[in-house]
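First up is the structure itself, then whatever we jot down about it.
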Amino acid sequence: MRSYTLIAPAKINLYLEIIGDRADGYHELAMILQSISLADQIDLRAASTQAIRVHCDHPQVLTDKSNLAYRAAELMAAEFPDAYAKYGGVDITITKRIPVAAGLAGGSTNAAAVLVGIDLLWNLGLTQSELEELGAILGSDVPFCVAGGTAIATGRGEQLSTLAGLNNIYIVLAKYRSLEVSTAWAYKTYRASFGSSYIKDKASLTARAEAVHSGGMVKAILHQDVKEIAERLHNDLEKVVLPAYPQVLQLREIFASQENVLGTMMSGSGPSVFALCESKQQAEKVQQGVREAIPDEDLELFVAEFVTHGIKIAS
């Protein structure tokens with residue numbers, strides 16, 4: 001039986017600006033996304049029947065048709081019926097290392113890995129662009145998770161412009177296991193509070209989305225200037241999530257108080273908070289400092305680094 005093992009990195013937002021509404025009900029966004037070394041492992045094995053099955057070692061992860069990895073396999077079967085008929089179904093085993101419901105694209109990166117893995121299993125020979133287009137059908141973060149590295153994302157997050165990859169930048173990531181923030185709630189609340197300031201006309205929306213390409217964060221990335229990147233971290237959703245979730249605000253404040261932290265921010269719609277550091281040694285000191293400040297077993301802390309790849313085959 002043929003099989004592949006894939007590494008599926010998490011992602012953080014270095015920049016997230018909400019610029020307007022879309023006709024499809026989503027928001028027009030301007031973001032800068034970054035892959036990190038914290039990753040799930042996805043094992044795909046050709047099944048002897050037409051069945052699609054998902055297995056996961058994390059009790060919170062559903063393995064039915066609500067799972068994005070399952071839906072990725074279903075999408076491939078629908079898009080490539082001849083290959084599905086020829087090669088049969090697939091067994092998908094997810095080994096979870098990315099925290100669940102954390103704003104780190106854990107579900108999206110699993111789905112991206114399934115797209116890449118089935119492309120290999122079924123000998124489809126798809127390009128990265130074709131895989132990204134399939135990913136966009138599943139969710140806004142999936143195309144980036146296929147590509148990985150560092151990228152500007154516009155539209156609802158599916159339109160990507162790749163940037164120079166960032167190396168040797170370390171982060172400490174914190175997330176309470178039992179705490180979840182609904183992405184839909186965060187965006188809806190933001191719209192209710194700040195919707196009056198949204199850009200309305202299409203030309204201005206396009207111009208604002210394009211402005212991020214020449215903005216200070218992109219220049220800092222091009223210069224590989226970690227201190228400047230840290231100073232330019234920005235996430236509009238903090239305006240609604242931090243007042244509503246004191247634990248997330250406390251995490252951010254404790255990170256900011258650590259001497260080796262260059263900058264700190266909530267990722268996506270939360271509740272994960274990360275801090276940028278210049279070295280692994282400094283990141284480990286920060287991890288220890290936060291653990292001492294919040295000795296709560298519910299709090300998960302990770303040290304990770306920026307990576308320049310998306311889904312990759314395990315060596």
Side-chain angles (χ1 to χ4, degrees), residues 8-36 40 65-76 79 98-116 128-163 180-191 194-195 198-199 202 205-206 208-210 212-213 217 234-238 240-241 265-272 310-311:
K11 72 105 180 127
I12 57 170
N13 297 75
L14 300 177
Y15 185 90
L16 191 162
E17 182 183 1
I18 301 169
I19 56 179
D21 271 321
R22 292 167 56 92
D24 59 11
Y26 288 91
H27 280 85
E28 284 286 346
L29 304 171
M31 302 186 291
I32 297 173
L33 308 177
Q34 176 63 51
S35 299
I36 60 172
D40 289 344
K65 292 189 179 190
S66 67
N67 188 299
L68 210 53
Y70 190 108
R71 281 155 50 197
E74 270 192 329
L75 175 66
M76 293 296 270
E79 292 283 332
I98 302 168
V100 175
L104 300 171
S108 295
T109 196
N110 293 171
V114 170
L115 296 178
V116 172
Q128 183 173 300
S129 294
E130 288 170 329
L131 288 164
E132 288 174 21
E133 284 175 25
L134 289 164
I137 298 168
L138 295 164
S140 303
D141 283 335
V142 182
F144 172 74
C145 291
V146 170
T150 312
I152 299 168
T154 53
R156 58 182 171 86
E158 84 289 5
Q159 298 167 19
L160 301 175
S161 299
T162 303
L163 295 170
E180 294 185 21
V181 175
S182 161
T183 300
W185 169 86
Y187 279 100
K188 184 179 176 183
T189 306
Y190 189 90
R191 181 186 280 123
F194 302 103
Y198 285 3
I199 298 169
K202 192 161 186 182
L205 275 173
T206 303
R208 186 67 204 95
E210 288 176 353
V212 74
H213 289 256
M217 178 61 90
H234 176 83
N235 183 350
D236 274 344
L237 289 174
E238 286 191 328
V240 295
V241 176
M265 191 173 75
M266 182 181 79
S267 184
S269 57
S272 296
I311 306 303

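Because only heavy atoms are used, hydrogens play no part in the values below, and waters and symmetry mates are left out as well, while side chains stay in. Please read all numbers here as calculations on a predicted model, not as lab measurements.
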Run Ile311 and Leu115 through side-chain contact (heavy atoms from CB on, under 4.5 Å) and show every step you take. CA-CA 10 Å; Ile311 306 303; Leu115 296 178; over 6 Å; no
Take Arg208 and Glu28 through the test salt bridge (Lys or Arg N to Asp or Glu O under 4.0 Å) and record every step on the way to the result. CA-CA 10 Å; Arg208 186 67 204 95; Glu28 284 286 346; over 6 Å; no
As a quick check of understanding, evaluate side-chain contact (heavy atoms from CB on, under 4.5 Å) for Met217 and Val212, giving each step before the final call. CA-CA 8 Å; Met217 178 61 90; Val212 74; over 6 Å; no
Please assess Val181 against Leu237 for the test side-chain contact (heavy atoms from CB on, under 4.5 Å), listing each intermediate value before the final yes or no. CA-CA 11 Å; Val181 175; Leu237 289 174; over 6 Å; no
Begin with the C-alpha distance, continue with both residues' side-chain angles, and end with the deciding distance and a verdict on side-chain contact (heavy atoms from CB on, under 4.5 Å) for Ile18 and Phe194. CA-CA 10 Å; Ile18 301 169; Phe194 302 103; over 6 Å; no
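Annotation: the span from Leu14 atom CG to Met31 atom CE amounts to 11.5 Å, rounded to 0.5 Å. Taken from NE2 in His234 to CD1 in Ile32, the straight-line distance is 11.0 Å, to the nearest 0.5 Å. Atom CD in Glu130 sits 11.0 Å away from atom CD in Gln128 (nearest 0.5 Å). Distance check, rounded to the nearest 0.5 Å: OH of Tyr15 to CG of Asp236 gives 7.5 Å. Considering CG of Leu33 and OG1 of Thr162, their distance stands at 10.5 Å, rounded to 0.5 Å. Rounded to the nearest 0.5 Å, atoms CD1 (Ile19) and OG1 (Thr206) are 8.0 Å apart.
Of all heavy-atom pairs spanning Asp21 and Leu205, the tightest one is O-CD1, 4.3 Å. Ala105 approaches Lys11 most closely through the heavy-atom pair CB-CG, 3.5 Å. When all heavy atoms are compared, the tightest approach of Ile12 to Ser267 is CA-OG, 3.3 Å. Nearest approach of Leu160 to Ala153, heavy atoms of both residues: CD2-CB, 3.8 Å. When all heavy atoms of Ala72 and Ala111 are compared, the closest pair comes out as CB-O, 3.6 Å. The minimum heavy-atom distance between Leu68 and Leu138, with the atom names listed, is CD1-O, 3.8 Å.
Checking side-chain atoms of Asn13 against main-chain N and O of Gly268 turns up a donor-acceptor pair under 3.5 Å. Here the side chain of Thr189 pairs a donor or acceptor atom with the backbone of Trp185 at under 3.5 angstrom. Ser272 places no side-chain N or O within 3.5 Å of a backbone atom of Gly103 that could act as its donor or acceptor partner. Side chain of Asn110 to main chain of Ala69: no donor-acceptor pair is present (N/O by atom type, distance under 3.5 Å, no hydrogens or angles). For the pair Glu238 (side chain) and Met265 (backbone), a donor-acceptor distance under 3.5 Å is absent. Formation of a donor-acceptor pair under 3.5 Å by the Thr154 side chain with backbone atoms of Ala30 is not found in this model.
The aromatic rings of Tyr198 and His27 lie perpendicular to each other, with more than 60° between the two planes, well past the 30° mark.
Side-chain contact between Pro143 and Leu134: absent, with no pair of heavy atoms (C-beta onward) separated by less than 4.5 Å.
A donor-acceptor contact under 3.5 angstrom links the side chains of Gln34 and Thr150, judged on distance only.
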